[in-house]
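All of these numbers come straight from a predicted model, not from anything done at the bench.
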Amino acid sequence: MPVSMKDFGLDRLSVAERISLVEELWDSIARSTEPILLTDAQKQDLQLRLDLYRDNPNAGSSWEEIRSRLMEGGD
C-alpha cells in the first residue's frame, strides 16, 4: 500500500522543511546499493533515447544552453 505525506504528518511541514527532507531522501537513495528495477517500457524508452543519441550525438542542447534560455525567459 502506498504511503502518503499525511501518514507521517509531512503535510504539516513547511516548504523549506519538505525540501530538506527530499534532499535527505535523495541522498539516501544515491547511497543505496539496492538495485533499481526498470519496467520493460522504461527499458525500451532508454534504449530508444540511446539509439537516437548514437545516431545524432549533436542533437539537442547542453545544460548550459537550456539554463541560459530558462534564465532569460526564452524558449
Side-chain angles (χ1 to χ4, degrees):
M1 173 183 250
V3 179
S4 73
M5 287 182 36
K6 288 186 179 185
D7 292 338
F8 294 102
L10 300 177
D11 56 319
R12 296 188 300 263
L13 296 176
S14 69
V15 171
E17 291 169 323
R18 285 182 278 161
I19 290 172
S20 179
L21 182 58
V22 166
E23 290 172 343
E24 190 174 337
L25 285 169
W26 185 256
D27 289 344
S28 74
I29 291 168
R31 288 189 303 270
S32 176
T33 58
E34 182 180 332
I36 298 172
L37 303 177
L38 300 177
T39 66
D40 287 339
Q42 290 169 323
K43 290 176 186 176
Q44 290 172 0
D45 185 53
L46 288 171
Q47 188 61 55
L48 172 64
R49 290 169 185 256
L50 183 58
D51 293 343
L52 289 171
Y53 170 75
R54 286 184 177 149
D55 289 345
N56 189 357
N58 295 320
S61 302
S62 70
W63 165 241
E64 291 78 17
E65 293 167 330
I66 293 168
R67 184 174 187 275
S68 177
R69 286 197 307 262
L70 289 171
M71 299 304 285
E72 295 170 2
D75 296 327

Would you say the side-chain atoms of Asn56 pair up with the backbone N or O of Tyr53, donor to acceptor, closer than 3.5 Å? no
Which heavy atom of Leu38 sits nearest a heavy atom of Lys43, and at what distance? O-CE, 3.5 Å
Pair Ser20, Glu17 - check side-chain hydrogen bond (donor to acceptor under 3.5 Å, both in side chains), show working. CA-CA 5 Å; Ser20 179; Glu17 291 169 323; over 6 Å; no
Interatomic spacing from CG in Leu10 to OG in Ser4 - rounded to 0.5 Å: 8.5 Å
Arg18 vs Met5 side-chain heavy atoms within contact, under 4.5 Å: yes
Do Ser68 and Glu72 pair up side chain to side chain, a donor and an acceptor below 3.5 Å, judged on atom types alone? yes
Derivation and outcome, side-chain hydrogen bond (donor to acceptor under 3.5 Å, both in side chains), residues Asp40 and Gln44: CA-CA 6 Å; Asp40 287 339; Gln44 290 172 0; over 6 Å; no
Check the pair Leu25, Asp27 against side-chain contact (heavy atoms from CB on, under 4.5 Å), reporting the backbone distance first and the verdict last. CA-CA 5 Å; Leu25 285 169; Asp27 289 344; over 6 Å; no
Any side-chain heavy atom of Leu50 within less than 4.5 Å of one from Leu52? no
Start with the C-alpha gap between Ser61 and Arg69, add the side-chain angles, then the distance that decides, and say whether side-chain contact (heavy atoms from CB on, under 4.5 Å) holds. CA-CA 10 Å; Ser61 302; Arg69 286 197 307 262; 3.4 Å; yes
Indicate, with yes or no, if Val3 and Leu13 share a hydrophobic cluster defined by side-chain heavy-atom contacts under 4.5 Å among Ile, Leu, Val, Met, Phe, Trp and Tyr. yes
Within a radius of less than 6.0 Å around CD of Glu24, do more than 12 heavy atoms belonging to other residues, nucleotides or ligands occur? no
